[in-house]
Amino acid sequence: MIDFNYYAPTQVVFGKDSESKTGSLVKQYGGTKVLLHYGGQSAVKSGLLQKVEDQLREAGIPFVTLGGVVPNPRLSKVHEGIEICRREGIDFLLAVGGGSVIDSCKAISSGRYYDGDVWTLYEHKDHATQYLPIGCILTIPAAGSEMSNGSVITNDEVDGWLKKDYCVDEFRCKFAIMNPEYTYTLPSWQTACGITDMMMHTMERYFSKDDDMEITDALAEAVLRTCMTEGHKVLENPTDYTSRAQIMWAGSLAHNDLTGCGTTGDWATHNLEHELSGMFDVSHGAGLAAMWGSWARYVRSENMSRFARFAVNVMGVKQNFRSLEETAEAGIQAMERFFESIGMPTNIHDLIGREITDAEIEEMALKCSNGGNGTIGCLKVLGCKDMAEIYKMAK
Ligand code: NZQ
Ligand code: ZN
C-alpha cells in the first residue's frame, strides 16, 4: 500500500429537508455576501432555488444570483462570475446544481483574486494563492465535485474548444447539502450518466498496479456493487427515496478519495473522455461508458489478475481457473452489458450518432497528449499513439 494523505474536510448535511440549513451553514463558514450560482431550469422548476433564496433572506445574508451554467461548464460564464464577485464584494459562493455548477463556482473561486486569466490555472501554468469559500446544494449525484478537489472547465473562447481540469484542496466545498428528494426529477439519461461517472471514479482508482490495499479494494467493490443494484432500482422507480439516497452517497464516496487510499489511480479513461465531451459536447458519464471497454482491453495485460478479481468480486463472473484472461474478458463484457442495461453507449458511434473520422481521432489524441508529448495513465502509461489506438478500438 503506497503512502497517502487523506483530506476530506467537507461537512456533509444529508437527508430530507437538509436545504433548510443553508442560511446557518453559510454563516458558519463566514459568508456575508453570496453569489448564488445555478444551471438551467431544473432548480427553478423544483422550487429548490426559491427555497434557498428564502433561506438566505431569513438569515439576513444578501446575495446576487447567476444562472445559466450548462453541462461542460463554460469559461465565458466563469469570467462573468468573477466580474460579479469583484464588483459586488462577494465573499461566499453557493452552488445549487450538479458537477457543472459546482465546477463553475470553483473556477470563479480561483479567479476572484488571481491577477491573470483564470484559464492559466487550468493550463497548469500557475497556481492561485487566494480562493473564495464554496458551499453546495447537490441536485445530481454524478461528478462527485461536492467533495472532490477538482474542477473541469470548457474553454469556449478558443477555436475547437478545450476542456481542462485544475485540482487544489482549496476547491473542497466547506459544506455539501444533499437531499435525495431533489434528485427525483432527474431524467433517466442523467441518472444513468451519473451512475456511470461515479462507478468510473471508483474504477479509475481500483485499476492500479498496487495489489496490497485490501481494505480500499473491499470498499471500492462495495461502492460498485451498490451502484449497480441501486442503479437499476432508481431507474425503475425514480421516487424510491432509499435507492436515491444510496446512489447519492455513493457518488460522494466514489470521489472523495476514500476508494483511492493507498493506490496510484489511473485516470486515463477520464482523460480520453474529456476530449470527447470537449469536442462533441456529450455527457461526461456517457463518454466514459463509450471509452472504458476499449481502454480496459488495451491495458489489461499490465495487471490481468486485477481485472479477473474485478470480474469475480464486482461483476459476479465465475472464475475460469484455466484462464485469467478469459475471466478478465468476461468481466469487461459484463461491465459493458451493465452500461447498456442502463442506456449507456459502449462505443463512440453510439455516443455521437455517427462514425468518428480519423482526423477527429488524431486531433483528440494530440490534444489529450498536450500536442503529442504528454502521457496519461498509470496502470499503463499511454502516449499519443496509444490514445489514438484506443479511440480507434472504441470507434
Ligand atoms: O442545468 P439544469 O437545468 O440544472 O439541468 C441539469 C443538466 O442539464 C440536469 N439536472 C441537474 N440536477 C437535476 C437536473 N435535472 C433534473 N432534476 C435535477 N435534480 O442535469 C444535467 C447535467 O448536470 P451537470 O451538472 O452537468 O452533471 P454532472 O454532475 O454530471 O457534472 C458534469 C460535469 O462535471 C465534470 C464533468 O466533466 C462535467 O463537465 N466532472 C467534474 C469532476 C470534479 N469536479 O471532481 C469530476 C468528474 O470526473 C467530471 O469530470
Ligand atoms: Zn468523472
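We count ligands from 1, going down the list as the structure has it; atoms in each ligand are counted the same way.
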Inter-residue atom distance Met147.CE - Ile102.CD1, 0.5 Å rounding: 11.5 Å
Any protein heavy atom at under 4.0 Å, with atom 38 (C) of ligand 1 as the reference point? yes
Looking only at distances, can you tell me whether any N or O atom of Gly150, backbone or side chain, sits closer than 3.5 Å to an N or O atom of ligand 1? yes
One pair to check against side-chain hydrogen bond (donor to acceptor under 3.5 Å, both in side chains): Asp210 and Thr263. What are the steps and the verdict? CA-CA 6 Å; Asp210 318 296; Thr263 81; 5.0 Å; no
Interatomic distance, OG1@Thr196 vs CE@Met203, rounded to 0.5 Å, equals 9.5 Å
Working to 10°, measure the angle at the Zn ion (ligand 2) formed by atom OD1 of Asp197 and atom NE2 of His284. 90°
Please confirm whether Lys45 approaches ligand 1 to less than 4.0 Å, judged on its heavy atoms. no
For Lys33 and Glu88, indicate whether the former's side chain and the latter's backbone hold a donor-acceptor pair under 3.5 Å. yes
How far is atom 26 (O) of ligand 1 from its nearest protein heavy atom, and which residue and atom is that? Ser100 OG, 2.5 Å
Check each heavy atom of Ala142 against ligand 1 and say whether those closer than 4.0 Å belong to the side chain, the backbone, both or neither. side chain
Which atoms from ligand 1 have a heavy atom of His201 less than 4.0 Å away? 46 (C), 47 (C), 48 (O)
Counting heavy atoms not belonging to Arg322, are there more than 12 under 6.0 Å from its CZ? no
Short N or O distance, Thr183 and ligand 1, threshold 3.5 Å exclusive: no
Checking heavy atoms under 4.0 Å, the part of Tyr182 that sits near ligand 1 is backbone
Can you sort out which atoms of ligand 1 are near Gln190, meaning under 4.0 Å from one of its heavy atoms? 20 (O), 21 (C), 22 (C)
Asn256 side, atom CG; Asn149 side, atom CG - distance, nearest 0.5 Å: 11.0 Å
Could you tell me if Tyr166 and Glu123 have a donor-acceptor pair between their side chains, going purely by distance under 3.5 Å? no
Which atoms of ligand 1 are found less than 4.0 Å from any heavy atom of Thr139? 11 (C), 12 (N), 13 (C), 18 (C), 19 (N)
For atom 6 (C) of ligand 1, is the nearest protein heavy atom closer than 4.0 Å? no
With heavy atoms of Ser148 as the reference, note each atom of ligand 1 found under 4.0 Å away. 43 (C), 44 (N), 45 (O)
Flag for Ser104-Arg74: side-chain donor and acceptor within less than 3.5 Å: no
Which bit of Asp103 gets closer than 4.0 Å to ligand 1, counting heavy atoms only: side chain, backbone, both or neither? side chain
With nothing but distance in play, are any N or O atoms of Pro73 less than 3.5 Å from an N or O of ligand 1? no
Angular separation of NE2 (His270) and NE2 (His201) seen from the Zn ion (ligand 2), to 10°: 90°
Rounded distance (nearest 0.5 Å) linking atom CG of Asp266 with atom CG of Leu379: 5.5 Å
So, is Glu273 placed with an N/O/S atom under 2.8 Å from the Zn ion (ligand 2), counting both backbone and side chain? no
Keeping Glu236 on the side-chain end and Lys233 on the backbone end, is there a donor-acceptor pair under 3.5 Å? no
Is it true that His274 lies under 4.0 Å from ligand 1, counting heavy atoms only? yes
Is the closest N or O pair between Gly99 and ligand 1 shorter than 3.5 Å? yes
Hey, could you give me the CG/CD1 distance between Asp17 and Ile177, rounded to the nearest 0.5 Å? 10.0 Å
Numbering as shown, the atoms of ligand 1 that approach Gln41 to under 4.0 Å (heavy-atom distance): 3 (O)
Just to confirm my output: which protein heavy-atom neighbour is closest to atom 1 (O) of ligand 1, and how far is it? Gly40 N, 2.7 Å
With heavy-atom distances below 4.0 Å as the criterion, list the atoms of ligand 1 near Thr185. 16 (C), 17 (N), 18 (C), 19 (N)
Interatomic spacing from CE in Met387 to OG1 in Thr375 - rounded to 0.5 Å: 6.5 Å
Atoms in ligand 1 flagged as close to Lys163, the criterion being non-hydrogen separation under 4.0 Å: 36 (C), 37 (O), 38 (C), 39 (O)
Considering heavy atoms of the protein only, find what lies nearest to atom 49 (C) of ligand 1 and give residue, atom and distance to 0.1 Å. His284 NE2, 3.4 Å
Atom 8 (O) of ligand 1: closest protein heavy atom, distance to 0.1 Å, is Pro71 CG, 3.6 Å
NZ/Lys385: more than 12 non-hydrogen atoms of other groups inside 6.0 Å: no
Determine whether the aromatic ring centres of residues Phe92 and Tyr29 are separated by less than 6.0 angstrom. no
Out of all atoms in ligand 1, which are within 4.0 Å of some heavy atom of His270? Include the element for each. 48 (O)
